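Report on the following structure.
Predicted, not measured: the structure shown is a model, and the values here were computed from it. As a basis for the values below, the full set of heavy atoms in this structure was taken, side chains included, without hydrogen atoms, waters or symmetry mates.
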There are 2 protein chains.
Amino acid sequence: MSECLNCACVMRSMNRLNNCQVEQLEKNHAVVKFKKGASIIRQGMFSTNVVFLRNGLAKMHLNGPYHEQIVRVIKAPTYLGLPTTFGDKINQYSITAVIDSEVCFIDMNVFSMVLRENSDFSTHIIQELSKSELETYRRCANRTQKQVRGNLADVLLDFADNIFGSDEYTLPLSQSEIGNWVDASRESINRLLSEFVSDKIIDMKGKRIHILNKASLQLISQYG
Amino acid sequence: MSECLNCACVMRSMNRLNNCQVEQLEKNHAVVKFKKGASIIRQGMFSTNVVFLRNGLAKMHLNGPYHEQIVRVIKAPTYLGLPTTFGDKINQYSITAVIDSEVCFIDMNVFSMVLRENSDFSTHIIQELSKSELETYRRCANRTQKQVRGNLADVLLDFADNIFGSDEYTLPLSQSEIGNWVDASRESINRLLSEFVSDKIIDMKGKRIHILNKASLQLISQYG
DNA sequence: AATTTTTTGTGATATTAATCACATCATTTT
DNA sequence: AAAATGATGTGATTAATATCACAAAAAATT
């Protein structure tokens, strides 16, 4: 029974792949489980695989000049690290599982071959890369122009709307990780979270978040 | 006589294109000159062309939540706005000539066709996009983690090393544009430039910059 | 269960850089 | 050439956030 046909990541682009191509991928892939906190792609190492996140959640991060920089948090199903696979032999960033996750590694040469054979598929990849770059520009402009309060609101909303699909969730990152994501100190994140709690915008028990006043949070995200 | 064969941008990837493909591009392109300050690609407009910068210098910029954000300054020869062309029908950022420049527009459908026909070429584009995204991550992490002094040093070095290839050059951006690039107010940029002058790190007459102490500037870029 | 390590909470203080407010100089435009 | 607009230079003040310094709580490890 074909594991690749069941893989949501491949399925998303399957209409572009013929059976033979799926079979190629099938023969040259490996599914691996990663525990929370485990490193999936490591900055500075050789990259010889294309990586799919089949399920779970991962953070993309790199060594900045002063501290670790989290670039984005990505949920399955998605490609992981296409740019670092195609852009440089050596990984330019790391990817780490943020909750227990399942990952599929595909040999890069096989993937490249399929890309060469199938122009629809390569067009699809070009579009994915392009969209991801546009998103990066937008996020970067937001992060640098807004102040910490607004960026933190963004993070809380991002988890609710894009990642967990619920206004109640368990924060998968520590406060200092959130700081490394939105360019703030761990202390500032802490103080602002307390502020949100005392303003009844969120409820927080440990890492359990409940968004009580989403409208406020959206306003803060825009103007805060 | 073929204009495309003379275009440095196409020449860079020509070993990947056959005569027929060059001819296709040749028949569907238009070379346009832009004065300093003229808009080449405009955020919010439909994009129907792939754009090459044949010669000159351009800035890539987008509307941030509070002010214009300059993302990068790019010199010819280079593709312009591949991500915004392939990632979204509507341009997600603008490109503006920073000095008088010459640009080649190629119909996107023709370009896509060549991409589909020529897998080497599409691999090349995938690599370009990937590299550009990696660069974006790195730059963004630097910009957000370093303070303004270091980022300004970076800009001065970037002009010298990557753009003009000389330690003496005319700044093609105003101080407020530099501010929008490195996330600082125009006043801060001004004060820091004066500081560099009084520290004999640079000499400045109007927009004419002369780097006097490059080693210092590099130190400031690293630790400042 | 005990110990170590990591994460969180919070005050006091320091610092960077923004903002405001003008003056001056340079460029366009009229 | 005069007027208007935009760019630059510089001080005074304010504001946001980092940093330092601990204590307490939670989680991981032994």
d(NZ, Lys35(A); P, dA28(D)) in whole Å: 12 Å
Contact list for DNA chain D against residues 137-145 of chain B - heavy-atom distance below 4.0 Å: none
Residue list, side-chain contact (heavy atoms from CB on, under 4.5 Å) with Ser166(B), at least two apart or on another chain: Glu168(B)
Nearest-Å distance for atom pair NZ/P, residues Lys146(A) and dA18(C): 18 Å
Pairs meeting criterion salt bridge (Lys or Arg N to Asp or Glu O under 4.0 Å) with involvement of residues 70-83 of chain B, two or more places apart: none
OP1 or OP2 of dA17(C) under 4.0 Å from side-chain N/O of Ser188(B): no
Set of residues satisfying disulfide bond (SG atoms under 2.5 Å apart) with respect to Cys140(B), sequence neighbours excluded: Cys140(A)
Using distance only, find each side-chain donor-acceptor pair of residues 47-60 of chain B under 3.5 Å and give its atom names and separation, not counting sequence neighbours.
{"unit_1": "Ser47(B)", "atom_1": "OG", "unit_2": "Lys89(B)", "atom_2": "O", "d": "3.3"}
{"unit_1": "Arg54(B)", "atom_1": "NE", "unit_2": "Glu102(B)", "atom_2": "OE1", "d": "3.1"}
{"unit_1": "Lys59(B)", "atom_1": "NZ", "unit_2": "Glu177(B)", "atom_2": "OE2", "d": "2.6"}

From dA18(C), dA17(C), dA18(D), nucleotide with atom closest to Ser185(B) side chain: dA18(C)
Student check: side-chain heavy atoms of Ile125(B) and Phe111(B) closer than 4.5 Å: yes
Pairing residues for Glu68(B) by the side-chain contact (heavy atoms from CB on, under 4.5 Å) criterion, not counting sequence neighbours: His61(B), Asn63(B), Asn180(B)
Interatomic distance where CD belongs to Gln147(A) and C1' belongs to dA18(D) [whole Å]: 14 Å
Qualifying residues under side chain to side chain donor-acceptor pair (under 3.5 Å), relative to Gln218(B), sequence neighbours excluded: none
Arg149(A) CZ to dA15(D) C1', straight-line distance once rounded to whole Å: 12 Å
By side-chain contact (heavy atoms from CB on, under 4.5 Å) - contacts of Asn109(B) (at least two apart): Asp107(B)
Which atom of Ile211(A) lies closest to which atom of Ala160(A), heavy atoms considered: CD1-CB, 3.7 Å
Given Arg143(B), Gln222(B), Lys146(B), Arg139(B), the one that forms side chain to side chain donor-acceptor pair (under 3.5 Å) with Asp154(B): Lys146(B)
Protein-nucleotide distance (Glu177(A), atom CD; dT6(C), atom C1'), rounded to Å: 12 Å
With Ser194(A) via side-chain contact (heavy atoms from CB on, under 4.5 Å) - residues at least two apart: Asn190(A)
Polar pairs (N or O, both sides) under 3.5 Å between protein and nucleotides 8-12 of chain C?
{"unit_1": "dT8(C)", "atom_1": "OP1", "unit_2": "Lys207(A)", "atom_2": "NZ", "d": "2.9"}
{"unit_1": "dT8(C)", "atom_1": "OP2", "unit_2": "Gln175(A)", "atom_2": "N", "d": "2.7"}
{"unit_1": "dG9(C)", "atom_1": "OP2", "unit_2": "Gln175(A)", "atom_2": "NE2", "d": "2.7"}
{"unit_1": "dG9(C)", "atom_1": "OP2", "unit_2": "Asn190(A)", "atom_2": "ND2", "d": "2.6"}
{"unit_1": "dG9(C)", "atom_1": "O5'", "unit_2": "Asn190(A)", "atom_2": "ND2", "d": "3.4"}
{"unit_1": "dG9(C)", "atom_1": "N7", "unit_2": "Arg186(A)", "atom_2": "NH2", "d": "2.6"}
{"unit_1": "dG9(C)", "atom_1": "O6", "unit_2": "Arg186(A)", "atom_2": "NH2", "d": "2.7"}
{"unit_1": "dG11(C)", "atom_1": "N7", "unit_2": "Arg191(A)", "atom_2": "NH1", "d": "3.1"}
{"unit_1": "dG11(C)", "atom_1": "O6", "unit_2": "Arg191(A)", "atom_2": "NH2", "d": "3.4"}

Exercise: identify the closest heavy-atom pair between Gln92(B) and Leu62(B): O-CB, 3.9 Å
Minimum heavy-atom distance between Ser130(B) and Phe86(A), given as atom pair plus value: OG-CB, 3.4 Å
Overall bend - the helix from dA1(C)-dT30(D) to dT30(C)-dA1(D), comparing terminal axes fitted on five pairs, nearest 10 degrees: 60°
Whole-Å gap separating C1' (dT17(D)) and OH (Tyr66(A)): 17 Å
Protein-nucleotide distance (Ile189(B), atom CD1; dT10(D), atom P), rounded to Å: 15 Å
Any side-chain donor near an acceptor of the partner, Thr170(A) and Arg208(A), under 3.5 Å: yes
Output a table of nitrogen or oxygen pairs between the protein and nucleotides 24-27 of chain D separated by less than 3.5 Å.
none

Asn151(A) CG to dT17(D) P, straight-line distance once rounded to whole Å: 9 Å
